[in-house]
Participant: 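One structure, pasted below without further comment.
Below, chains carry the letters A, B, ... as their sequence lines are ordered, and counting in each starts from 1.
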Amino acid sequence: MSFSDLGLSEKVLAAVAATGYTTPTPIQEQAIPHVLARKDVLGIAQTGTGKTAAFVLPMLTILEKGRARARMPRTLILEPTRELAAQVKENFDRYGAGQKLNVALLIGGVSFGDQDAKLTRGVDVLIATPGRLLDHTERGGLLLTGVELLVIDEADRMLDMGFIPDIERVCKLVPFTRQTLFFTATMPPEIRRITETFLHNPQKVEVSKPATTAVTVTQCQVPAGREAHEKRELLRRLLREAKDLQNAIIFCNRKREVAIVHKSLQKHGFSVGALHGDMDQSARTAALEQFRKGELPLLVASDVAARGLDIPEVSHVFNFDVPHHPDDYVHRVGRTGRAGRTGTAISLVTPLDQKSMVAIEKLIGQSIPRAEGDYAVSADTGEHSDRPRESRGRERSRGGRGKPQRGGRDRERSHEPREPRGEARHASETTPSAEARPAPEARPAREPRPPREARQSSEPRHGARQPANPSHVPSIGRPEPRRQREADSEPGDHSHLPAFLLRPVRSPAGA
DNA sequence: AAAAAAC
């Protein structure tokens, strides 16, 4: 099967060929003919399956005929986050380079006037997040009565984020006769309900990836102290000692924590950016762009970066916080080990996170071994006392997550004196000095990766659930007396860091 | 236990 069998126009085929793709992914193969036949499509597909091109390519073919009128876009694509919307626009720019197409991006955090001017000129493709889109319609600068094709992307995530009422409003503004493409990764009851009202006789296209992590990803958990400064210290150590680290995303559960960890790593000399929803849009875009280009090897992020964002070739994912919902673990870890490449996912696990880890192991159907090292329970033997774990369960239900929760304030722990904000404890908050450490298997990080047996070759795509191979568990240094680690380098001394992880002299301010 | 999205 090749792209030329799907009914796409010559121009689009040429654009696809120019990017080097030759074979459509399953979702593309199934969805594109239906889209071109102007059918409604219900696509059940995770990110990373080629879903975006599955609607972008046929839309480009459809849009070759006809022209846009002022303030009346011909097609509309709804995305849950600004970054995803921007990414879809990049797809139109890439594959639509050969045609005169007006593509507008309506997202928050950027100039309203520029967007309005663009709408006035007439757009073929409007890509939007719900808030800004409705803002434009309410001000009268935008008419949705000319929309021939509506795409609702990442619908289940929109549900999680409380966007469904907005989506329903938008659906009342577009013509009843439009074509609708609806994509979701899961089918909770609320999503099933809205597909029945939004879609007319939809063609169902399902390419559900298993609720599991890629077999090429080496996963491990590192026991961590429950205090945040202990975790930051452990993170620095893990970063220094990580094997084959090219670039990494460090996930935190809270935006505040993202900011703190980012600042802390910067202070300790790491070249690191940050990404979360409270940053202003230019900082978000800049951080993502620098990370993509490789200018920043490290990115501290909230779950805004967990799903959908196209960040190629991440070698490591760190869960600074264990996610509370197992699905989020799968999405985070899915940032590495893509397209059959190897990757490493390391989770810092406090005693409070044990329950979450059990739920994660149950969902992915494998136990996640503990890393060896002085934080491990059984460091000497390398045996993992708690495996194999019973791990057959596989329910994908996200029951109870349907309603957005608002107003949850962070609770401060009060039984102990607070650590001063922003890392004022360097003298006692420690990491091992370079000399004290046994310079373990820390290769220079740019060195090519050692060959790994091609484990993925004969694996079934679905439900690969063999336990992780203990021989691939990264060793986190050798056990050493806790005392020794008290003598950390000063925050200013970065001589022990791999050069590419170092902050450049004229460092771009992060968040 | 959170994050995300409009001004």
Participant: Heavy atoms under 4.0 Å, any strand shown: does Asp303(A) hit a base, just sugar-phosphate, or nothing?
Facilitator: nothing

Participant: Check Val41(A), Val151(A), Ile152(A) against Phe182(A) for a side chain to side chain contact (heavy atoms under 4.5 Å, CB included) and give me the one that passes.
Facilitator: Ile152(A)

Participant: In whole Å, I'd like the distance from the CZ atom of Arg332(A) to the P atom of dA3(B).
Facilitator: 11 Å

Participant: Take atom CG of Asp328(A) and atom P of dA3(B), then tell me their distance rounded to the nearest Å.
Facilitator: 12 Å

Participant: Please state how far atom CD in Gln281(A) lies from atom C1' in dA6(B), giving the value in whole angstrom units.
Facilitator: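 That distance rounds to 13 Å.
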
Participant: Output yes when a side-chain donor or acceptor of Ser302(A) lies under 3.5 Å from a complementary backbone atom of His276(A), and no otherwise.
Facilitator: no

Participant: May I ask you to say what Arg139(A) touches in the nucleic acid, namely base, sugar-phosphate or nothing, with a heavy-atom cut-off under 4.0 Å?
Facilitator: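 Nothing, no heavy atom under 4.0 Å.
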
Participant: Any residue in residues 123-131 of chain A with a heavy atom nearer than 4.0 angstrom to DNA chain B? Just list them by number, or reply none.
Facilitator: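 The stretch gives Thr129(A), Gly131(A) as the residues lying under 4.0 Å from the strand, ordered by number.
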
Participant: Think Arg284(A) has a side-chain N or O under 4.0 angstrom from the OP1 or OP2 of dA5(B)?
Facilitator: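 Yes, within the criterion.
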
Participant: How close or far is atom P of dA6(B) from atom CD1 of Ile107(A), stated in whole angstroms?
Facilitator: 8 Å

Participant: At under 4.0 Å between heavy atoms, what does Phe112(A) touch on the DNA or RNA strands: base, sugar-phosphate, or nothing?
Facilitator: nothing

Participant: Write down the distance between CZ (Arg82(A)) and P (dA3(B)), rounded to a whole number of angstrom.
Facilitator: 15 Å

Participant: Within a strict 4.5 Å, meaning less than it, do heavy atoms of the Glu154(A) and Lys51(A) side chains meet?
Facilitator: yes

Participant: Return the value, rounded to whole Å, for the distance between atom CG of Asn319(A) and atom C1' of dA2(B).
Facilitator: 14 Å

Participant: May I ask you to evaluate whether Lys255(A) reaches the phosphate of dA4(B), defined as a side-chain N or O under 4.0 Å from OP1 or OP2?
Facilitator: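 It does, given that an N or O in the side chain of Lys255(A) lies less than 4.0 Å from OP1 or OP2 of dA4(B).
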
Participant: Atom CG of Leu142(A) and atom P of dA6(B): how far apart are they, to the nearest Å?
Facilitator: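 Value for this atom pair: 14 Å.
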
Participant: Report the residues that fulfil side chain to side chain donor-acceptor pair (under 3.5 Å) with Thr285(A), sequence neighbours left out, ordered by chain and then residue number.
Facilitator: Gln281(A)

Participant: Go through the side-chain N and O atoms of Tyr329(A) and Gln219(A) and say whether any donor and acceptor fall under 3.5 Å apart.
Facilitator: yes

Participant: Cation-pi check for Phe270(A) against Arg240(A): NZ or CZ below 6.0 Å from the six-membered ring centre and within 45 degrees of the axis, yes or no?
Facilitator: no

Participant: Can you measure Asp116(A) atom CG to dA6(B) atom P for me and round it to whole angstrom units?
Facilitator: 16 Å

Participant: Per the side chain to side chain contact (heavy atoms under 4.5 Å, CB included) rule, which among Asn319(A), Asp321(A), Leu238(A) passes with Leu348(A)?
Facilitator: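 It is Leu238(A), the one option of Asn319(A), Asp321(A), Leu238(A) that forms the side chain to side chain contact (heavy atoms under 4.5 Å, CB included) with Leu348(A).
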
